[in-house]
Structures are given as C-alpha cells and as structure tokens.
Amino acid sequence: MAEVEAPLLEKVWYENCSACQLERRKIEDKGPPKKELLYVAFTVLCNSLPISSLFPFIYFMVRDFHIAKTDKDIGYYAGYIGSSFMLGRFLSSTLWGFIADKYGRKPVIIIGTVSIIIFNTAFGFSISFWMALSSRFLLGIFNGMLGPVRAYASEICSEQHQAFALSLVGTMWGLGLIIGPAIGGYLAQPAVKYPSVFVDGSLFSQFPYLLPCLCISAYAAITLVFLFWLPDSIHKHPRLPENTVHEDTNGNSLTDTLKTECKKIVISSATEETEENRCVVERKPILRNWGLFASIALYCIWGLHDMAYTEIFSLWAVSPVNYGGLGFTSSDVGIILAITGGVLLVFQLSLYPIIDRTFGTIPSTRGGAILSIPLVAIYPLIAKLHGSMLWGSLILASSLKNIFSVCVVTGSFLLINNSVPSEQRGVANGISMTGMSLFKSIGPACAGILFSWSQKRVNASFLPGNWMLFLILDAVCLITVIISFDPILPHSLGKPRQEVHIQDNYIDQCLERPPSFTF
C-alpha cells in the first residue's frame, strides 16, 4: 500500500487496553508471546479432552442404562450421545462468534471452560440415557470457545510466528484426542479394574464413569484459574466519530490502493492544532465475502472426508480378515494411533511452519489433499500384507495421512482468517465451526453405513468390498482439490489480509494476521 504522510501515522497506545499492548509487542517483534501461547495450549487441551474421552466406555455406559432392547441396538444409542455434542456446537457456534467479536475472546473462552466443568461432571453422574444425552448437548451449546481460541492465537502473534501458533493449537488438539481415550479407557469402571483402591459401594462404584469425567473437569478448573490472567486481543477503547472525506487534513488525496482496501475512510477536519485526526474503516458485509465461504466450504468438505476416514479406519482395522479387514484388537489400534500421534506432534511443531513459508498456504493445502488420494487408494493392498511388513506399512500410511490432513486443515484456517479483517474473525470462525460441526455429525453416520454396505459386497465383480469404500473417500477428497483452485478459491487468500486499522491519530497499514486452528 502507498505511504501516507506523517504526522497522521503516529501511533497512540492505550495503556488500559490489552489488545493495544499485544499489538505493540507484535510490532516491536519480541518473539512469540510464550505466556499467552501457554494459556492457549492449556485451553485447547481442555477443550479436546471431553470430546474423545467417552468413546472407550460409551458402549458399556449405554448397556448399563438398559435402554437398548438388544446388544445390536447399543450402537445406535451410543451414536446419539456422541452426536449430541456436535449438534449443540452446530446450533451455537455462530452466536459465540458474534459474542467474541463484540465482547472479546476472553469471556467466551472462560464461559466454555466453565461449561466443561459443569456439564462434563454431570455426564459422569448420568444415571439414564436422557441425562447423558442432555448433558453432552448442553456441553456443545455452551462450549463455543474453539473458534475464538483459534482467532486469538492468530491475533497475538506476528506474521513470522503465526504458523507456529496454529501448529501449537493443532498439536494440543491432537494430543487431547490421544490422551482423552486413554483417560476414559483406564479410569472408567475403576471399582471393577482396581478393586483394591475403589471398594464396592463407594461413589465410583455407584457411578462407574464418573472418575474420568471428574479428572478432566478438575483439569478444566485449574485452566480456568489461569485464564483470568489472559489478555484479550479485542480493542476496548471507543469507536471514533465519522466525518467522511477522501483526503487527509493536509489536503493530500488518498491513493487508489488505499481506496480499494477501504470502502470508506473517515478523517476529522482538524481546524485547530489541539484537535485530533481520526479515521474509521467500513468493512465489507461478511455474508457477501466469497473468499470466506469458499474457504469454509473447503474446510467442511475436507472435514467430512477426514471424519469418515477416521471412522472407517477404526472399523476396517478391527474387522475380520475374511472381510478385507486387518483383524486387529482395540489395543493394536491404540498403539498405531499413539505412534502416528507422536509423528504428527513433531510435524506440526517443527515442519509445518517451514512448509507453509516455503510453498505458501494454498499450494501446501492443495498438495496435502492431492497426495491423500493415491495414499488412501492403496489401503486395500495393505490388508494383504502380514507381520512386520503389515505393521510398518500401516504406521507409515497412517502417519502420512495425518500429516497431509494437517496441511489441509491448518491451511483452511489460515485461508479463513486471511479472508476477513480482525474484527470479523470471531464471526468467521463461528460460521466455520457451525458448518464443520454439521459435517462432523454426518461423517460418522455415513461412514458406518458405507462400511456395512462394503462388507456385504466382498465378492462383487466391480471394486469389491473395501476397494469401493476407499474409492468413495477419494472422491470426497477430489472435491476438496477442485475447490482449492481459482476462481472458486481466490488466490489472493494465500497471503495475510492487509488492513487499515482503526485507531486515533494514525492509519495502521498492513496489520497482517492469518491463522486459527481445529480438527
């Protein structure tokens, strides 16, 4: 953008505004804000733990409710409980995004953490199917902090460190999805597993699924204490009066570039030396932002693919060999997920920021989707291997698939944040979370239906069994690749948005803020 003559560019920092102090730190380039990123890491882990911790014991929990007429019906009721959280998040994510933009990221993050303490504990005390269902649904309704956390992580870092901040968010989210099932698996039914510690008739004997929920709620309570020291990234000082002109107080016209970036520049007419010069920028309505919704479409379609892949991988790994599966136990699947999770951790923290800087956001996003297609296509061939060759190939394929997925997911959030100014970022992330929650609630159900259908056509003449199953996964992946090309996805989103920031006495040019993250 063209330079604007001083003295109007002199920055004014408000000492009582935490967002101003964060901006000042970014401009002075003092490195990544370690304390704030540590708070973000704790918060993301707190958010992801209750999502996945119920999966190891949900089957037994539903069985103990005695609502299913037969064991075959348990899966249906378990699916309802698992989907209720996503349904609640689908209904409320956009609203929480609006609240985060209006009142700040911090209040929404605190409310979300409090909801984990209350409703996750209530889930552990559930004595009926409806109590479990409603507590998970309410947890999804009130826990709308993931979008604001992603936006916050991008806003507190300079452009140089934003890819690292997003990688950290993704790493802690993935870590929670690994630790959560471990907590649920080891701590559920403690009176049965550890009778010497938890005697019969104790609280944890009456509520066998309370202990894992209570441990996660206790961690959330500790996180909540630290969040009160979290500085907000939304400016709290008042907006400025509007006196519309298209030139500064010295009579210098604004450049065409500046006019293109801003729909309206508002500067006060300074007739006295003591009068302050001010500017306000009117932003494009978010519902008319094609780049935003193209980025959200890419994110949601890939999320559908990734959620379906995760569901199918687990079912395929434990299904019998004569049906094209691997015949693994749940412990074998846990070992593979743990190893691939460690590989993913290293990649996100060390390699992804380098890849993003080297190739750019859109090429790395598109590349991850393209490379996933041939990788997923060879999965049926892996089932024909045996012994160490099978284990080695499966771990390698699973690790690469997770790495490619990280490139697409992280890139999607970079694109979403690049498509809107900072004051619309909470709403944008809320809309993306709404769409993603809907697609993630559809993905497992569709994957289960497709998997059951593939098991019935093992001897089909055309693409038998799992060959058709993984082909359908590739077809969804191909849609993501198509969306990543211009004109569907504007190539201008590959770089952070250049903003004319609103403050007293200056036009703050090129406040470049990309990222945000969520699986």
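These numbers come from the heavy atoms of this one structure, side chains and all, not from hydrogens, waters or symmetry mates.
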Measure up the W316 and Y379 rings against each other and bin them: parallel (under 30°), tilted (30 to 60°), perpendicular (over 60°).
tilted
Check for a donor-acceptor pair, side chain of S398 on one end and backbone N or O of I395 on the other, with a separation under 3.5 Å.
no
Kindly say whether I141 contributes a backbone atom to a donor-acceptor pair with the side chain of S92 at under 3.5 angstrom?
yes
Nearest heavy-atom neighbours spanning I81 and A132:
CD1-CB, 4.1 Å
Rounded to the nearest 0.5 angstrom, the OG-CD1 distance for S412 and I301 is 11.0 Å
Does any part of the side chain of L87, heavy atoms only, come nearer than 4.5 Å to the side chain of R136, both counted from C-beta?
no
Quick one: does S217's side chain have a donor or acceptor within less than 3.5 Å of a partner on L214's backbone?
no
One should read off an interatomic distance between L210 CG and L203 CG, to the nearest 0.5 angstrom, of 5.5 Å
Tell me, do V346 and L351 make a side-chain contact under 4.5 Å, heavy atoms counted?
no
Can you confirm whether more than 12 heavy atoms, excluding those of F359, are under 6.0 Å from its CZ atom?
no
Between N466 and L469, is there a side-chain heavy-atom distance shorter than 4.5 Å?
yes
Step by step, would you call F470 with I378 a side-chain contact (heavy atoms from CB on, under 4.5 Å)?
CA-CA 9 Å; F470 288 106; I378 66 171; over 6 Å; no
Gap between atom CG of L390 and atom CG of L326 - 0.5 Å precision:
5.5 Å
Measure from the side-chain N and O atoms of N289 to the backbone N and O of S419, and report whether any donor-acceptor pair falls under 3.5 Å.
yes
Ring geometry between F42 and Y219 (parallel below 30°, tilted from 30 to 60°, perpendicular above 60°)
perpendicular
Taking the side chain from S393 and the backbone from M389, do they hold a donor-acceptor pair closer than 3.5 Å?
yes
Please check this pair: side chain of K193 against backbone of A188, looking for a donor-acceptor N/O pair closer than 3.5 Å.
yes
Could you report the tightest heavy-atom contact between G176 and S48, atom names first, then the distance?
CA-OG, 3.1 Å
Does the side chain of S53 come within less than 4.5 Å of P212's, by heavy atoms?
no
First locate atom CD1 of I110, then atom OG1 of T223, and finally report the distance between them rounded to the nearest 0.5 Å.
12.0 Å
What I'd like to find out is whether the side chain of F123 reaches to under 4.5 Å of the side chain of M61, using heavy atoms alone.
yes
Using modelled atom types only, decide if a donor and an acceptor are shared between the side chain of S134 and the backbone of M131 within a distance under 3.5 Å.
yes
Apply side-chain contact (heavy atoms from CB on, under 4.5 Å) to the pair N47 and V149, showing each step before the final yes or no.
CA-CA 10 Å; N47 199 354; V149 166; 5.9 Å; no
In Å and rounded to the nearest 0.5 Å, what is the OG1 to CZ distance from T361 to R366?
11.5 Å
To check you understand the geometry: which heavy-atom pair defines the closest contact between W96 and I111, and what is its length?
CH2-CG2, 3.7 Å
Apply side-chain contact (heavy atoms from CB on, under 4.5 Å) to residues K34 and L37 and explain how you reach the verdict.
CA-CA 5 Å; K34 298 181 179 62; L37 286 178; 5.9 Å; no
Does the plane of the ring in H305 sit parallel, tilted or perpendicular to the ring in W302? Use 30° and 60° as the thresholds.
tilted
Mark yes when over 12 heavy atoms from residues, nucleotides or ligands other than I488 sit less than 6.0 Å from its CD1; otherwise mark no.
yes
Sub-4.5 Å side-chain heavy-atom contact between L371 and L375:
no
Exercise: identify the closest heavy-atom pair between S115 and G112
OG-O, 2.5 Å
Looking at T365 and L298, what are the two nearest heavy atoms and their distance?
CG2-CD2, 4.0 Å
Please tell me if the side chains of P490 and W290 come closer than 4.5 Å, counting only heavy atoms from C-beta onward.
yes
Show your working on side-chain contact (heavy atoms from CB on, under 4.5 Å) between V343 and N402 and close with a plain yes or no.
CA-CA 9 Å; V343 173; N402 286 337; over 6 Å; no
How are the rings of F207 and F125 set relative to one another: parallel (under 30°), tilted (30 to 60°) or perpendicular (over 60°)?
perpendicular
Closest contact, heavy atoms only, A220 versus I116
CB-CG2, 3.8 Å
Side-chain donor/acceptor of R105 to backbone N/O of Y152, under 3.5 Å
no
How long is the straight-line distance from OG of S135 back to CD1 of I118, given to the nearest 0.5 Å?
12.0 Å
Hey, is the main chain of F90 close enough, under 3.5 Å, to the side chain of S93 for a donor-acceptor pair?
no
Just wondering, do V376 and C477 contact through their side chains at under 4.5 Å, heavy atoms?
no
